[in-house]
Colleague: 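This is the structure, below, for whatever I ask next.
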Amino acid sequence: MASKSFILQILASIFIFSPLVHSMDFNFPAVFNFGDSNSDTGGLVAGIGDRLDPPNGQIFFKRPAGRFCDGRLIVDFLVVAMDLPFLNPYLDSIGAPAFRKGSNFAAAGSTILPPSPNAVSPFSFGIQVAQFLRFKNRTLELLEKGRKFQKYIPPADAFQKGLYMFDIGQNDLAGAFYSKSLDQILASIPTILVEFETGIKELYDEGARNFWIHNTGPLGCLTQNVAKFGTDPSKLDELGCVSGHNQAARIFNLQLYALCKKLQGQYSDANVIHVDIYTIKHNLIANYSRYGFEHPLVACCGYGGPPLNYDSRVPCGKTIVVNGTEITAKGCSDSTEYVNWDGIHYSEAANQYVSSQILTGKYSDPPFSDKMPFLLPLKF
């Protein structure tokens, strides 16, 4: 367990590295996103030939659209709020993809640390950064060849003026619980964040100056983790979430916050914003009915019925045969009533709520509410 003195050491480091920072101006020519399934707009599907089936995408796209969701993700709402188009996945080469306003390097299942042999995604954070470097170099090469490529790729100054978004680390923690103790997971967090810091430094050295770093959500409240690790009621908190998973997320976030404060002081010519996603999502789950939801932990698209409607053997939209009988993970009748979409990912309605809270600026450090040229309309 993390000791009180360990927590105090982290808080002390936050104080030491706290600089005077200025707010970020959200007028960006392009967005470059790095992450996992929370912000993957089709990278894993394109990269490994994976397939998503209906009802994924049913709410907004009316078809599977590379997202592990019934519709839009947080990143979709955020870029639209900045008057930018949805981000095309870097790995998707079909359909004449346009990258003029940025690119998405996120891939579902990705980790910060290099992937293990049995990892869902080979596209860890280091690989995503390497892909970005190739993207940038190739873009600059094409720009030198004339104007015919300009409508497809970002201008050269977009790499310095653009926004670099990050939402990754969830899988490093969640995956570790299948083979490690809580103490071992907590002990691994500094190593995870060293890898993250290395990637940030590479991007900074390549000219990146605007960093928007999201912390990780309450892992213990994901249906998948409740089903697997919450069979013993003593392991659950007052919300029905797995206590150990949420403790790991909080410790990770505390150390990530300390790193962001360090980066703010180290890169005085850059904007480094930390966004407290954990608090937003935890508040949603704790007060779900206040925000128009009826089910905080039950999966909308799943199999098994109450209390969780989740079976790890059958992903959303898939059909398998068990003991000679076909079972299918089907969608619920109204996904806007559910916080959780498929046991692992949030519904579009939940993503919209989270986005609206991010855009208030009050969950960011430094806050940016005075720099917002946009307003996200709520539809609840």
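We're numbering straight along the sequence, starting at 1.
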Colleague: Would you please indicate yes or no on a ring centroid separation below 6.0 angstrom for Phe229 and Tyr178?
Modeller: yes
Colleague: Does Asp50 reach the main-chain N or O of Leu44 with its side chain, forming a donor-acceptor pair under 3.5 Å?
Modeller: no
Colleague: Report yes or no: do Ile320 and Tyr310 belong to one cluster of Ile/Leu/Val/Met/Phe/Trp/Tyr joined by side chain heavy-atom distances under 4.5 Å?
Modeller: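 No, Ile320 does not connect to Tyr310 through the hydrophobic network.
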Colleague: Could you state the interatomic distance from CD (Gln58) to CZ (Arg63), rounded to the nearest 0.5 Å?
Modeller: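 So the CD of Gln58 and the CZ of Arg63 are separated by 14.0 Å.
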Colleague: So how far is it from Gln255 CD to Phe196 CZ, rounded to the nearest 0.5 Å?
Modeller: 13.5 Å
Colleague: Begin from the C-alpha positions of Tyr338 and Tyr288 and carry the test ring-ring contact (aromatic ring centres under 6.0 Å, His included) through to its verdict.
Modeller: CA-CA 9 Å; Tyr338 290 73; Tyr288 62 93; over 10 Å; no
Colleague: Can you tell me how far CZ of Phe123 sits from CD of Gln128, rounded to the nearest 0.5 angstrom?
Modeller: 9.0 Å
Colleague: Which heavy-atom pair separates Phe252 from Ile112 by the least distance, and what is that distance?
Modeller: CZ-CD1, 4.2 Å
Colleague: Do Asp167 side-chain atoms and Asp36 backbone N/O form a donor-acceptor pair below 3.5 Å?
Modeller: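 No: the side chain of Asp167 does not pair with the backbone of Asp36.
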Colleague: Would Ser335 and Asp70 count as a side chain to side chain donor-acceptor pair (under 3.5 Å) here? Give the steps.
Modeller: CA-CA 8 Å; Ser335 62; Asp70 57 326; 2.6 Å; yes
Colleague: Is it the case that one hydrophobic cluster holds both Val194 and Leu254, taking links as side-chain heavy atoms less than 4.5 Å apart, direct or via other members?
Modeller: no
Colleague: So does Arg134 get a backbone contact from the side chain of Asn137, meaning a donor-acceptor N/O pair under 3.5 Å?
Modeller: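 Such a contact is absent between Asn137 side chain and Arg134 backbone.
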Colleague: So, the side chain of Thr328 versus the backbone of Lys330: is there a donor-acceptor pair under 3.5 Å, distance only?
Modeller: no
Colleague: Could you please spell out the steps behind the side chain to side chain contact (heavy atoms under 4.5 Å, CB included) verdict for Tyr164 and Tyr204?
Modeller: CA-CA 10 Å; Tyr164 293 75; Tyr204 177 86; over 6 Å; no
Colleague: Taking side chain as C-beta onward, heavy atoms only, is Ile48 less than 4.5 Å from Pro122?
Modeller: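 Answer yes - side chains close enough.
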Colleague: Of the non-hydrogen atoms in Ile277 and Asn215, which two are nearest, and what is the gap between them?
Modeller: N-OD1, 2.8 Å
Colleague: Under a 4.5 Å cut-off applied to non-hydrogen side-chain atoms, are Leu143 and Gln150 in contact?
Modeller: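 Of all side-chain heavy-atom pairs linking Gln150 with Leu143, at least one is under 4.5 Å.
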Colleague: Are Ile74 and Asn38 side-chain neighbours, meaning at least one heavy-atom pair lies under 4.5 Å?
Modeller: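 No, their side chains stay 4.5 Å or more apart.
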Colleague: Take Tyr291 and Asn283, measure what side chain to side chain donor-acceptor pair (under 3.5 Å) needs, and give me the verdict at the end.
Modeller: CA-CA 10 Å; Tyr291 305 115; Asn283 179 57; 2.8 Å; yes
Colleague: Are the side chain of Lys62 and the backbone of Ile59 linked by a donor-acceptor contact shorter than 3.5 Å?
Modeller: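 Judged by distance alone, yes, a pair lies under 3.5 Å.
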Colleague: Do Asp183 and Ser181 have side-chain atoms, one donor and one acceptor, less than 3.5 Å apart?
Modeller: no
Colleague: Hydrogens and angles aside, do Thr325 and Asn323 bring a side-chain donor and acceptor to less than 3.5 Å of each other?
Modeller: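 Note: Thr325 and Asn323 side chains miss the donor-acceptor criterion.
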Colleague: Would you give the length of the straight line joining atom CG of Leu263 to atom CD1 of Ile273, rounded to the nearest 0.5 angstrom?
Modeller: 13.0 Å
Colleague: Identify the residue among Val242, Asn225, Asn171 that makes a side chain to side chain contact (heavy atoms under 4.5 Å, CB included) with Leu219.
Modeller: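 Only one option passes, and that is Asn225.
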Colleague: Side chain to side chain contact (heavy atoms under 4.5 Å, CB included), that's the test. Do Met82 and Leu163 meet it? Break it down for me.
Modeller: CA-CA 11 Å; Met82 289 183 273; Leu163 175 64; 3.9 Å; yes
Colleague: How far does CG of Asn246 sit from CD1 of Ile285, to the nearest 0.5 angstrom?
Modeller: 8.0 Å
Colleague: Are side-chain heavy atoms of Arg67 and Phe86 found at a separation under 4.5 Å?
Modeller: yes
Colleague: Of the non-hydrogen atoms in Val226 and Gly220, which two are nearest, and what is the gap between them?
Modeller: CG2-O, 3.3 Å
Colleague: Side chain to side chain contact (heavy atoms under 4.5 Å, CB included) for Ile344 and Phe68? Distances and angles first, verdict last.
Modeller: CA-CA 9 Å; Ile344 307 172; Phe68 291 80; over 6 Å; no
Colleague: Which pair of heavy atoms, one from Ser37 and one from His345, lies closest together, and at what distance?
Modeller: OG-NE2, 2.8 Å
Colleague: How far does CG of Asn253 sit from CG of Asp276, to the nearest 0.5 angstrom?
Modeller: 7.0 Å
Colleague: With respect to Phe99, which candidate in Phe135, Phe149, Tyr152, Phe159 satisfies the ring pair (Phe, Tyr, Trp, His ring centres under 6.0 Å) definition?
Modeller: Phe135
Colleague: Answer yes or no: is there a donor N or O on one side and an acceptor on the other, between the side chain of Gln170 and the main chain of Thr216, under 3.5 Å?
Modeller: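 The answer is no, because no donor-acceptor pair under 3.5 Å joins these two groups.
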Colleague: Could you go through Tyr353 and Tyr346, starting from their C-alpha distance and side-chain angles, then the distance that decides it, and tell me whether this counts as side chain to side chain contact (heavy atoms under 4.5 Å, CB included)?
Modeller: CA-CA 11 Å; Tyr353 167 79; Tyr346 283 59; over 6 Å; no
Colleague: Answer yes or no: is there a side-chain heavy-atom contact under 4.5 Å between Cys316 and Pro55?
Modeller: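 A side-chain contact exists here, since the closest heavy-atom pair is under 4.5 Å.
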Colleague: Give the minimum heavy-atom separation between Gly343 and Ala299, together with the two atoms involved.
Modeller: N-CB, 3.6 Å
Colleague: Between the side chains of Thr223 and Asn340, is a donor N or O closer than 3.5 angstrom to an acceptor N or O?
Modeller: yes
Colleague: So, do Pro155 and Arg100 sit near enough that their side-chain heavy atoms are less than 4.5 Å apart?
Modeller: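 Yes, at least one pair of side-chain atoms sits under 4.5 Å.
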Colleague: Tell me if the NZ atom of Lys318 is crowded by more than 12 foreign heavy atoms within 6.0 Å.
Modeller: yes
Colleague: Is the Phe132 ring parallel, tilted or perpendicular to the Phe34 ring (thresholds 30°, 60°)?
Modeller: perpendicular
Colleague: Hey, quick one: are Val322 and Leu308 part of the same hydrophobic cluster, counting side-chain heavy atoms closer than 4.5 Å, chains of contacts allowed?
Modeller: no
Colleague: Just wondering, do Val31 and Trp212 contact through their side chains at under 4.5 Å, heavy atoms?
Modeller: no
Colleague: Can the SG atoms of Cys332 and Cys301 be said to lie under 2.5 Å from each other?
Modeller: no
Colleague: Do Trp341 and Val75 share a hydrophobic cluster, counting only Ile, Leu, Val, Met, Phe, Trp and Tyr and linking them when any side-chain heavy atoms are less than 4.5 Å apart?
Modeller: no
Colleague: Keeping the roles fixed (side chain from Lys180, backbone from Ser188), state whether a donor-acceptor pair exists under 3.5 Å.
Modeller: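 Judged by distance alone, no pair lies under 3.5 Å.
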Colleague: What about Tyr278 and Leu73, same hydrophobic cluster or not, with Ile/Leu/Val/Met/Phe/Trp/Tyr joined at side-chain heavy-atom distances under 4.5 Å?
Modeller: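 Cluster IDs for Tyr278 and Leu73 differ.
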Colleague: Tell me the closest heavy-atom pair linking His295 and Val298, and the distance in Å.
Modeller: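 That closest heavy-atom pairing would be CB-CB, 4.1 Å.
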Colleague: Can you check whether Phe177 reaches Lys228 side chain to side chain, under 4.5 Å on heavy atoms?
Modeller: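 Result no, sub-4.5 Å side-chain heavy-atom pair not found.
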